[in-house]
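Below is one structure; the comments refer to it alone.
Numbered from 1 within each chain, the chains take letters A, B, ... in sequence-line order.
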Amino acid sequence: MTADTEKMTPEQQALFDYLLRLGDNAVVLSHRLGEWCGHAPVLEEDIALINVALDLLGQARSIMTYAGEVEGAGHDEDALVYRRDGFDYRNVLLVEQPNEENFAVAIVRQFLFDAWHYELQTALLQSSDARLAAIAAKSVKEVTYHLRHSSEWMVRLGDGTAESHGRVQEALDDLWRFSGELFEADAVEERMAAAGIGPHPQSLYAAWSETVDRVLAEATLSRPEDGWMQSGGRNGRHGEHLGFILAEMQFLQRAYPDARW
Amino acid sequence: MPLQTLEDSPPELDKLWQTLEAVVDPEIPVLTIADLGLLRDAEIGADETVTVTITPTYSGCPAMNMIEQEIKRVLGEAGYGAVEVKTVLHPAWTTDWLSESGREKLRAYGIAPPAKGSTSKRALFGAEPEVTCPHCGSKETEQVSAFGSTACKALWRCRSCLEPFDYFKCI
Ligand SMILES: [Zn+2]
């Protein structure tokens, strides 16, 4: 796709990259949640996780359709999701972290993401890009439910039994190193902020941090120290996990290009 | 968000809107897309092309493709030629657009209609709305899960008649 994207102006290229970041976060997390289908601890939770996955997939579709139009190379949402390689994926590392068949991991990953995603979509309501603002107006209603759900589980598990408390604290300590990437500024984010298209990533930190503190306090969990933060996903540097996700997710379209239902 | 008022509209437009009354939501077949507020606009262009504008309830609502096909089928059978279905996201759909008759039909179907005027951010850490059991009318109800069998529903149960039921949740 590199050859095609050379036709975009620098502004279009930055918007395209930005949209891929938003869309890829939603697609990859949706896939991770989908892995719980038939495996969640209770039936209601199985249904809940898949509902959240479906919301994210729908959001990704709206964003990717737009990304394809900005790119102007004839790629629709399916082409962008099913035909891009791992190094072209722009999601943050947090969302690709594996479930490890551990519900605490899924909930902590979701909570850290939702608390950020809620602030992001709220900020995008004010986007100078009308299309992105319209997508945000739809998404923020859904993300509100997601955050409420993952927050309630944080409290239920954290303030639960010694076993559940220990497992959720361990997951939090382990995943914390991926939280820094959510607030990292780079050329793409700076350009979006300057154009009023997206919020400056650091502007989301205070509200995110407040939500995290409030929920962790109620959950009787300790906030981990900010140590070394791992990042790179938004620029295509992923861990080994993303390749396995894409292998499963893209198999059909790679093996049978343009297959339709 | 008021829809097209039928008072001053030409008869062919009235007929178009009445024809679209036959299009129901595939997941809640007692409701038409007009009841739900999913039908945003319908017009006939100078070249006789019919343009129908719809909006999704949720971003990932899988019913949207089916609704589009159903619109084309119903209008095709009614003799309309070229039909274009447009999907818009703005303004974002809200449960407040559900019509009064739609709310009644939901209740009769066994789904509790959404609490009125509750589409604000109160959903976040807010108090649960008061939901009436669609089976026995009791207000002694509780939420089992905010997520149900489809994106637009939550799982509730009644403490009086002990029956579970769906609640059409507010967004
Ligand atoms: Zn009852």
Side-chain angles (χ1 to χ4, degrees), chain A residues 23 26-27 30 33-34 40 42-66 114-115 118-119 121-122 125 127 130-153 155 211 214-215 218 261, chain B residues 1 27 37-38 40 53-66 68-69 86-97 114 118-129 142-157 164-171:
Chain A
V27 164
S30 174
L33 288 168
V42 290
L43 181 61
E44 287 78 11
E45 195 48 31
D46 209 285
I47 294 169
L49 293 176
I50 300 311
N51 264 282
V52 176
L54 185 61
D55 285 344
L56 290 170
L57 198 61
Q59 293 169 16
R61 187 177 186 180
S62 299
I63 294 164
M64 290 306 194
T65 303
Y66 183 30
D114 289 343
Y118 176 78
E119 301 304 333
Q121 295 295 347
T122 303
L125 294 173
S127 176
R131 180 88 170 259
L132 209 44
I135 295 171
K138 191 91 220 133
S139 305
V140 76
K141 290 166 177 259
E142 296 157 2
V143 176
T144 301
Y145 274 102
H146 302 172
L147 175 57
R148 182 176 181 178
H149 184 72
S150 58
S151 299
E152 284 173 354
W153 269 111
V155 172
T211 303
R214 190 183 66 231
V215 172
E218 202 183 331
W261 287 107
Chain B
M1 214 359 87
E27 286 171 345
L38 301 186
R40 302 312 304 157
T53 307
I54 54 175
T55 194
T57 51
Y58 283 74
S59 301
C61 181
M64 291 309 283
N65 289 344
M66 280 185 71
E68 184 176 334
Q69 286 168 21
K86 276 199 312 193
T87 300
V88 296
L89 292 182
H90 178 81
W93 183 81
T94 150
T95 26
D96 290 344
W97 292 352
S118 50
T119 51
S120 68
K121 283 187 185 172
R122 274 186 15 211
L124 189 63
F125 297 108
E128 301 293 353
E142 62 188 351
Q143 180 176 288
V144 178
S145 173
F147 298 91
S149 54
T150 66
C152 54
K153 285 177 273 175
L155 289 174
W156 281 62
R157 101 181 117 218
F165 63 91
D166 280 331
Y167 168 61
F168 201 103
K169 72 187 181 199
C170 301
I171 64 165

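Neither the backbone nor the side chain of Thr55(B) comes within contact range of chain A; no heavy atom of the residue lies under 4.5 Å from a heavy atom of that chain. Both the backbone and the side chain of Leu54(A) come within less than 4.5 Å of a heavy atom of chain B. Only the side chain of Pro62(B) comes within contact range of chain A, with heavy atoms under 4.5 Å apart.
Of the possible donor and acceptor atoms, one in the side chain of Lys141(A) sits under 3.5 Å from a partner among the backbone N and O of Trp93(B). Using modelled atom types, one side-chain atom of Lys138(A) and one backbone atom of Thr57(B) make a donor-acceptor pair closer than 3.5 Å.
Of the residues considered (Leu49(A), Leu56(A), Asp55(A)), Asp55(A) shows the highest number of contacts with chain B, using heavy-atom pairs under 4.5 Å.
Among Asp46(A), Val52(A), Ile50(A), the one residue that satisfies the side-chain contact (heavy atoms from CB on, under 4.5 Å) test with Phe147(B) is Val52(A).
The side-chain contact (heavy atoms from CB on, under 4.5 Å) search around Asp114(A) returns Gln110(A), His146(A), Leu147(A), Ser150(A), not counting sequence neighbours. Listed by chain and residue number, Glu142(A) satisfy the side-chain hydrogen bond (donor to acceptor under 3.5 Å, both in side chains) test with Ser59(B) (two or more places apart in sequence, or in another chain).
Note that the CG atom of Leu132(A) and the CG atom of Leu89(B) stand 11.0 Å from one another [nearest 0.5 Å]. The OG1 atom of Thr144(A) sits 9.5 Å away from the CD1 atom of Ile171(B) when rounded to the nearest 0.5 Å.
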Check: Would Ile47(A) and Ser145(B) count as a side-chain contact (heavy atoms from CB on, under 4.5 Å) if you check the C-alpha gap in whole Å, the side-chain angles of each, and the deciding distance to 0.1 Å?
Finding: CA-CA 9 Å; Ile47(A) 294 169; Ser145(B) 173; over 6 Å; no

